[in-house]
Participant: 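Starting off with a structure, shown below.
One-based numbering along the sequence shown.
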Amino acid sequence: MGRANGDGRARAEEAAEPCGARMGTATSDRTGRRRWRKVGASAPIRFPMYEHAASWPFCDGEMATRFRDFDWRDSALGPIAGWPAALRHAVGLMLESPVPIAIAWGSAGYYLYNDALRPLLGQRHPRQFALPLIEAWPEIEAPVAAMLAESLAGRSVQLRGHPFDLMRDGVCERVLFDVDYSPIRDDAGRPAGMWLVIRELARESAVRAAEASGDRERCLLALSDALRDLADPGEIHDVASALLGTHLQVDRIGHGDSGHGGLVIRQGWPGPGPRRAWPAASLAASLIGDGASSAGAVIDDVARDPRLDAPTRALLVAHEVAAAAAPPPRAPGIDRFVALSRAPRRWTAPELDLIREVGERVHSAAERARAKRALATSEQRFRAVAEQAEVGIAIADRDGCLVYVNDRHCDVMGRSRAALLGVRIQALTHADDWPTDAERMEALYRDGTPFTTEKRVHVDGEPRWIRLAVGPWRDGTGAIAGSLAVSLDLTSRRLAEQGLRDGEARFRQFGDASSDVLWIRNARTLALEYLSPAFEAIYGQARAVSLRDPDYWLSMVHPEDLERVRGIVRRVRRGARASYEFRIVRPADGQVVWIRNTDFPVHDDAGEVKRIGGIGRDITREREDAALMETLVAELQHRTRNLIAVVQSLARRTQQESGDIDVFGRRFEQRLAALGRVQGLLSQRPDGHGVTFDTLLQQELDAHGVGAGDDPRVELRGPAGVPLRARLVQTLALALHELTTNALKYGALSDAGGRLDIDWDVDAADGARAPVLRVTWEESGVRLDQTQVTGGYGRELIERALPYQLKAQTRYELRRDGVYCTIEVPLDDESGAQVPG
């Protein structure tokens with residue numbers, strides 16, 4: 001204890017130097033765990049409170065050096081100078097001891113250990129130094145926490161041969177330890193830490209324990225294999241007795257039963273023999289109890305056991321029983337085995353556990369055998385009923401494999417019995433339907449919850465619909481062993497339903513896309529069962545309103561049509577068909593809309609009218625178009641009559657002016673051509689809109705090969721785009737034609753020295769009159785022959801027809817150098833066209 005610190009530290013450094021590293025100190029990382037940092041031997045830590053603190057611990061060795069060099073200021077224990085005397089004393093004793101010792105200090109159990117313990121730590125050293133105990137040994141957190149709690153509660157405990165599963169050198173291994181742990185008390189006498197003395201047992205002991213455990217497991221495995229196919233309870237007991245006797249190396253194994261007025265042991269090993277009946281009630285009570293309780297007995301030496309009275313001992317000795325083991329079962333009602341030996345022996349705990357385990361397994365096997373017999377009888381009755389059933393019946397085990405099907409189920413599935421037995425339900429089920437069935441089957445196996453399902457199964461590559469009512473199939477113990485299903489073929493019904501759904505889907509697609517209103521009503525209540533989206537566009541109201549109120553649409557019917565509509569609906573409800581037109585007044589905007597409805601009855605299989613259907617169409621535009629057509633036809637007839645009258649007038653006047661048929665033909669053809677040109681313009685624009693004066697004038701000049709751009713003798717001046725009403729166009733065009741023809745024959749356009757000026761403008765409307773088109777036709781530079789141009793159809797048209805037909809004011813003069821003509825025509829803009837100013 002009195003060695004100098006320098007000598008001890010030097011020896012520690014010499015021992016550590018061959019390892020290729022110097023000693024280090026521990027510092028805290030972010031997680032609070034320790035990490036080592038290297039410090040030089042020439043820089044020891046000083047504690048000013050105690051001059052000798054830097055020399056403590058006073059012994060040498062690697063762990064003593066670590067205590068001296070460790071930076072305790074950052075640790076939870078604090079500097080050594082501040083440690084309690086009890087802790088310093090305990091650490092000193094630990095470091096001096098050649099026995100593996102560790103200390104866990106404080107409620108966290110900061111882990112300190114000596115050199116003798118280092119080999120037990122493996123690669124954990126030195127990481128574990130000064131860590132909390134559960135951080136040092138995380139894989140055995142629960143045991144070490146319990147040990148620390150015991151010590152801090154002031155209790156000392158011994159553990160002998162206790163197994164711990166430790167991670168050492170990167171490998172998990174089970175190690176047996178003897179551990180003595182006791183409290184370390186502080187200066188006030190309170191438990192403040194734990195003192196542990198640890199001794200690792202030889203690993204051979206663990207190997208021997210593992211071998212013994214392996215022998216026991218092999219015995220139980222052989223028992224399970226032997227009992228698996230046995231169906232007779234007596235044979236089950238004999239086989240189990242033989243296996244148990246061979247394993248325990250005893251003289252006899254029997255199966256005890258105290259339910260026949262006394263203890264009866266059926267000898268099962270070393271060979272079948274007669275029953276041995278011991279009627280002594282005391283023997284029954286001593287070995288296996290009275291049959292109702294879980295009592296038992298373990299007798300190592302009959303001659304020395306003080307629990308036996310003289311008659312019981314004498315009876316056992318008389319039957320060559322020197323030792324008997326009849327351990328009480330872990331639960332009442334379990335089969336009880338008795339091991340009998342001719343020589344005294346010490347029964348071990350594993351042997352007694354094995355006897356109990358064999359009894360439990362034999363009991364289960366015997367119960368299973370009895371249940372199989374009952375099940376076989378029940379199955380025979382079930383098969384007799386199931387084969388006569390008119391519905392399909394199928395049974396599957398817990399793996400989902402079919403183990404039984406009747407003939408009707410084969411018909412439902414469309415397969416033979418051989419093709420169904422042993423096949424999994426999942427393999428028969430359509431892939432889209434299996435996930436739901438799998439969840440229901442899991443609930444059935446777990447809780448016994450029955451369910452009904454409709455699903456598709458595969459039959460020759462084609463899906464077939466079936467309905468299954470599925471419930472749990474239980475074994476003789478009441479445990480769920482599989483599932484039982486009752487099946488019906490739904491293929492025909494599902495196909496019909498699918499066809500109905502497809503038809504309904506097509507109908508809804510048609511109705512949703514139709515611009516007409518399609519509807520279906522209940523014939524009795526008139527409640528709407530279907531109403532197409534076109535209702536909202538035609539009636540101007542949301543469908544939801546009419547769907548809620550069957551009479552809502554009648555409130556929109558025009559009052560003058562309401563009674564007639566009601567009467568038609570009554571006839572349709574009685575089976576008549578009807579097509580009719582009526583008006584509605586749209587609530588949203590007050591617009592009157594014409595509707596054409598076609599209503600018809602829908603009969604059921606008995607011929608009764610269950611529903612009425614209808615198609616409604618908005619015919620407002622149709623009726624407006626019909627009215628417009630009537631107007632157009634009337635206008636056409638009027639124009640045709642006028643045109644015929646004009647042609648007749650042209651023919652008559654041309655005839656009067658013509659001396660022979662050839663002249664008549666030429667003149668009449670020219671005038672008809674002019675009339676035809678006008679009709680061409682009017683046919684392109686029936687209402688006259690867009691026929692302007694400049695267009696009409698240019699067309700006439702172009703027809704005669706004359707134009708402002710082509711002939712320098714002609715000059716046109718006036719605004720473009722002056723619109724003309726249809727009734728102006730024809731007469732005004734004929735007047736321009738006559739003026740142009742005369743100019744070409746006799747006037748300005750007949751002589752190279754002539755000139756033609758055409759001016760037009762519009763007088764804007766005022767409060768007294770409509771706007772007026774003023775046209776001036778002025779020829780110059782020619783010498784007229786008055787005898788040739790004194791009269792004619794053209795002049796008559798201008799001076800008489802224009803004022804009469806168009807309320808025009810005209811002036812026509814034959815001057816020396818050409819014709820001068822003015823025409824003023826009122827522009828009544830009935831069409832609303834804008835007249836240029």
Side-chain angles (χ1 to χ4, degrees), residues 375 378-476 478-509 529-530 602 604-606 610-611:
L375 181 61
S378 175
E379 185 176 354
Q380 292 177 356
R381 292 194 295 267
F382 168 76
R383 286 180 181 273
V385 174
E387 293 301 330
Q388 301 300 320
E390 296 183 359
V391 295
I393 297 177
I395 299 175
D397 59 20
R398 288 186 71 99
D399 293 331
C401 294
L402 291 172
V403 297
Y404 171 79
V405 292
N406 68 352
D407 292 339
R408 181 55 184 153
H409 188 73
C410 294
D411 296 339
V412 170
M413 297 294 294
R415 297 191 181 199
S416 65
R417 191 178 304 230
L420 290 174
L421 292 178
V423 178
R424 290 184 179 275
I425 299 173
Q426 182 178 359
L428 299 171
T429 304
H430 194 282
D432 294 342
D433 299 336
W434 175 247
T436 301
D437 277 7
E439 294 179 2
R440 293 174 173 177
M441 292 295 290
E442 182 179 353
L444 181 140
Y445 291 146
R446 183 181 63 250
D447 307 322
T449 306
F451 65 91
T452 300
T453 182
E454 294 184 5
K455 66 178 182 179
R456 291 162 289 180
V457 296
H458 300 292
V459 179
D460 298 329
E462 295 294 330
R464 175 178 290 188
W465 281 96
I466 65 172
R467 173 185 287 167
L468 294 173
V470 187
W473 179 255
R474 300 181 184 274
D475 60 16
I480 298 175
S483 60
L484 182 145
V486 177
S487 61
L488 289 174
D489 188 353
L490 300 180
T491 304
S492 299
R493 195 199 76 183
R494 290 301 292 260
L495 290 176
E497 291 176 350
Q498 186 62 41
L500 182 61
R501 285 193 295 270
D502 292 344
E504 183 177 352
R506 288 192 293 270
F507 169 76
R508 288 187 177 274
Q509 291 174 359
E529 297 178 0
Y530 173 76
V602 180
D604 61 9
D605 295 339
K610 290 296 184 182
R611 295 175 178 83

Participant: Here's a test for you: under side-chain contact (heavy atoms from CB on, under 4.5 Å), which of Leu468, Val470, Thr453 qualifies with Asp437?
Facilitator: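 Of the listed options, the one satisfying the test is Thr453.
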Participant: Measure across Gly471 and Pro450 and return the closest heavy-atom pair with its distance rounded to 0.1 Å.
Facilitator: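 The pair with the smallest heavy-atom distance is CA-CB, 4.1 Å.
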Participant: Would you please test Asp489 and Arg464 for side-chain contact (heavy atoms from CB on, under 4.5 Å) and show each step?
Facilitator: CA-CA 8 Å; Asp489 188 353; Arg464 175 178 290 188; 3.9 Å; yes
Participant: In chain order, what residues pass the ring-ring contact (aromatic ring centres under 6.0 Å, His included) check against Trp465, with sequence neighbours excluded?
Facilitator: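 ring-ring contact (aromatic ring centres under 6.0 Å, His included) list for Trp465, sorted by chain: empty.
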Participant: Would you say Arg611 has more than 12 foreign heavy atoms packed within less than 6.0 Å of its CZ?
Facilitator: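 Atom CZ in Arg611 is not packed in, count stays at 12 or less.
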Participant: Would you say the side chain of Tyr445 lies within less than 4.5 Å of the side chain of Ser483, judging by non-hydrogen atoms?
Facilitator: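 A side-chain contact under 4.5 Å exists here.
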Participant: Rounded to the nearest 0.5 Å, what separation is found between the CG atom of Asp475 and the CD1 atom of Ile480?
Facilitator: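 Interatomic distance, Asp475 CG to Ile480 CD1, rounded to 0.5 Å: 9.5 Å.
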Participant: Excluding sequence neighbours, so at least two apart, what forms ring-ring contact (aromatic ring centres under 6.0 Å, His included) with Tyr530?
Facilitator: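 Testing Tyr530 for ring-ring contact (aromatic ring centres under 6.0 Å, His included), a comparison that skips the adjacent residues, returns Phe507.
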Participant: Side-chain atoms of residues 399-412: list all donor-acceptor pairs with protein atoms under 3.5 Å, sequence neighbours left out, distances to 0.1 Å.
Facilitator:
from   : atom 1 : to     : atom 2 : distance (Å)
Tyr404 : OH     : Glu387 : OE2    : 2.6
Asn406 : OD1    : Ile393 : N      : 2.9
Asn406 : OD1    : His409 : N      : 2.9
Asn406 : ND2    : Ala386 : O      : 3.1
Asn406 : ND2    : Val391 : O      : 3.1
Asp407 : OD1    : Arg417 : NH2    : 2.3
His409 : ND1    : Ser487 : OG     : 2.8

Participant: Just distance, no hydrogens or angles: give the donor-acceptor pairs under 3.5 Å from side chains in residues 427-435, sequence neighbours left out.
Facilitator:
from   : atom 1 : to     : atom 2 : distance (Å)
Thr429 : OG1    : Ile425 : O      : 2.8
Thr429 : OG1    : Lys455 : NZ     : 3.0
His430 : ND1    : Asp432 : N      : 3.1
Asp433 : OD1    : Arg456 : NH2    : 3.0
Asp433 : OD2    : Arg456 : N      : 2.9
Asp433 : OD2    : Arg456 : NE     : 3.0

Participant: With rounding to the nearest 0.5 Å, note down the distance linking CD in Glu439 to CZ in Phe451.
Facilitator: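 Spacing of CD (Glu439) from CZ (Phe451) equals 11.0 Å.
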Participant: List in chain and number order the residues that pass side chain to side chain contact (heavy atoms under 4.5 Å, CB included) with Thr436, two or more places apart in sequence or in another chain; answer none if no residue qualifies.
Facilitator: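 For Thr436, the residues satisfying side chain to side chain contact (heavy atoms under 4.5 Å, CB included) (neighbours in sequence not counted) are Arg440.
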Participant: Taking the side chain as every heavy atom from C-beta outward, state whether Ile466 and Glu454 have any pair of such atoms under 4.5 Å apart.
Facilitator: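 Side chain of Ile466 against side chain of Glu454, heavy atoms only: no contact under 4.5 Å found.
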Participant: Could you work out, with side chain to side chain contact (heavy atoms under 4.5 Å, CB included) as the rule, every residue matching Ala443, not counting sequence neighbours?
Facilitator: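 Partners of Ala443 under the side chain to side chain contact (heavy atoms under 4.5 Å, CB included) test: Arg446.
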